[in-house]
Amino acid sequence: MKLLVLGSAAGGGFPQWNCNCRNCDGVRKGTVRALPRTQSSIAVSTDGRDWVLFNASPDIHAQIRANPCLQPGRGLRDTGIAGVVLIDAQIDHTTGLFMLREGRPLDIWCTPQVREDLSTGNPIFNVLSHFCTVRWQPLQVTPPVAFTVPAAPGLRFTPVPLASKAPPYSPHRHDAHAGDNIGVLIEETATGKRIFYAPGFGAMEDHLESCLAAADCVLLDGTFWTDDEMIRMGLSANTARGIGHLPQSGPGGMMALLSRYHKPRKLLIHINNTNPILDEDSPERAELTRAGIEVAWDGMLIDTGDKQ
Ligand code: MLT
Ligand code: MN
Ligand code: ZN
């Protein structure tokens, strides 16, 4: 199976348009060794022709241009995007849907909670229905029900709930529901290879144990290095955990958690522009590398058929 990283940054991208933090300023001026990154999205395929898009980032036009395999040009109007899976209703994961409005009917897999947010607080589905048909494909997470995307054969997806947060505009922002955020275990049926994708991994939970242990590769929440990163930088009053993101460092953090698993290739994705791991020469990046954890970058291709 092929997994293409379309966008590896969290909301805002890297550099963020209005940000002059050390990372953003440094990548703009070329004084920090770091790769610019677009907002959070991946695509998965078995044959490299038909792709399942995970999240529709506001940067989707640039991502399609940067990855011509998503535009195979088999007809006057054509796309390599066989279906869209939304893992939450956040702006960085959904507003790119507007950019797909000229297409054929859109098949969108998401939970009832995400559909509600996208029909009320941020009514993207209602607006889109004036341009193209939205065909909602409901995802069930309690208990998880596996699904397939018929136009991208050979893959099976199991959605699992993640303890995290609904977006700020959600009618149930302060009343968390299973299904506000999900992780997805992606399995190639022919080979049994599995990738666990969970960019909104806010906390360890019992049911995630098997996803982490069974996977050949994991792509997990890389938003923040420390819990108080945004507070210390004077950018926000929120902790990482407070907005549903497990920080990498410290007791109970992502590095400590991943040290318990030996099978999977370990990657972080959805990196916030403030995170010191973006600086390839930083001590934090070196610590991550020593822990055997990679940082995803835009254009990165993970092929589970490759020898590692
Ligand atoms: C998040 O996941 O918390 C987001 O990246 C927030 C946003 O899109 O602004
Ligand atoms: Mn996000
Ligand atoms: Zn910044």
Side-chain angles (χ1 to χ4, degrees), residues 5-42 53-60 63 85-98 110 113-114 117-118 121-122 124 162-170 173-174 176 180-184 197-203 219-248 254 268-279 282 284 296 298:
V5 175
L6 303 180
S8 52
F14 176 55
Q16 179 174 305
W17 69 282
N18 63 346
C19 191
N20 295 302
C21 74
R22 182 183 177 278
N23 280 345
C24 290
D25 186 54
V27 76
R28 256 184 228 113
K29 292 183 176 152
T31 54
V32 164
R33 200 162 66 88
L35 293 170
R37 287 169 162 86
T38 63
Q39 293 168 81
S40 185
S41 177
I42 63 165
L53 183 71
F54 280 76
N55 306 321
S57 151
D59 300 318
I60 192 164
Q63 294 169 345
V85 178
L86 303 176
I87 60 123
D88 62 29
Q90 294 272 9
I91 286 180
D92 57 344
H93 288 158
T94 59
T95 47
L97 288 171
F98 284 135
C110 68
Q113 288 74 21
V114 168
D117 287 347
L118 297 181
N122 187 9
I124 292 179
L162 298 178
S164 194
K165 272 276 168 72
Y169 57 77
S170 169
R173 166 75 164 173
H174 301 293
D180 288 335
N181 293 265
I182 61 167
V184 182
Y197 173 63
F201 192 109
L219 287 116
L220 302 178
D221 192 330
T223 315
F224 298 113
W225 178 254
T226 41
D227 200 34
D228 61 354
E229 188 166 313
M230 298 285 275
I231 299 173
R232 272 201 282 162
M233 294 175 77
L235 295 174
S236 158
N238 294 317
T239 60
R241 286 185 171 89
I243 57 169
H245 297 294
L246 181 68
Q248 282 107 56
M254 187 65 83
L268 298 178
I269 195 160
H270 189 277
I271 324 290
N272 198 55
N273 59 75
T274 52
N275 192 327
I277 63 173
L278 287 170
D279 176 351
S282 67
E284 292 86 354
D298 292 19

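Throughout, residue positions are numbered sequentially from 1 according to the sequence presented. All values reported here derive from a predicted model rather than from experimental measurement. Ligands are counted one by one from 1 in listed order, and the atoms in each one are counted from 1 as well.
Atom CD1 of Ile87 and atom NE2 of His93 lie 4.5 Å apart (nearest 0.5 Å).
Taking the Mn ion (ligand 2) as the apex, the angle formed with OD2 of Asp92 and NE2 of His270 is 90°, to the nearest 10 degrees. Draw a line from the Zn ion (ligand 3) to OD1 of Asn273 and another to SG of Cys21, and the angle between them is 120° (to 10°).
Residues Pro15 and Asn273 have side chains not in contact (no heavy-atom distance under 4.5 Å, counting atoms from C-beta outward). Thr38 is not listed as a side-chain neighbour of Leu6, based on a closest heavy-atom distance of 4.5 Å or more.
Not a single N/O/S atom of Gln16, whether from backbone or side chain, sits less than 2.8 Å from the Zn ion (ligand 3).
Gln16 contributes no side-chain N or O that, together with a main-chain N or O of Cys24, makes up a donor-acceptor pair within less than 3.5 Å. The closest donor-acceptor contact from the side chain of Asp298 to the backbone of Ser8 lies under 3.5 Å.
If you number the atoms of ligand 1 from 1 as listed, the ones under 4.0 Å from a heavy atom of Asp92 come out as 4 (C), 5 (O), 8 (O).
The shortest N/O to N/O separation between Gly11 and ligand 1 falls below 3.5 Å.
Looking at Asp180 and Arg173, no side-chain N of the basic residue comes within less than 4.0 Å of a carboxylate O on the acidic one, giving no salt bridge.
At the shortest separation from atom 3 (O) of ligand 1 among protein heavy atoms lies His245 NE2, 2.9 Å. The nearest heavy-atom contact from the protein to atom 6 (C) of ligand 1 is Gln90 OE1, 3.8 Å.
With a 4.0 Å heavy-atom cut-off, ligand 1 is reached by the side chain of His270 but not by its N, CA, C or O.
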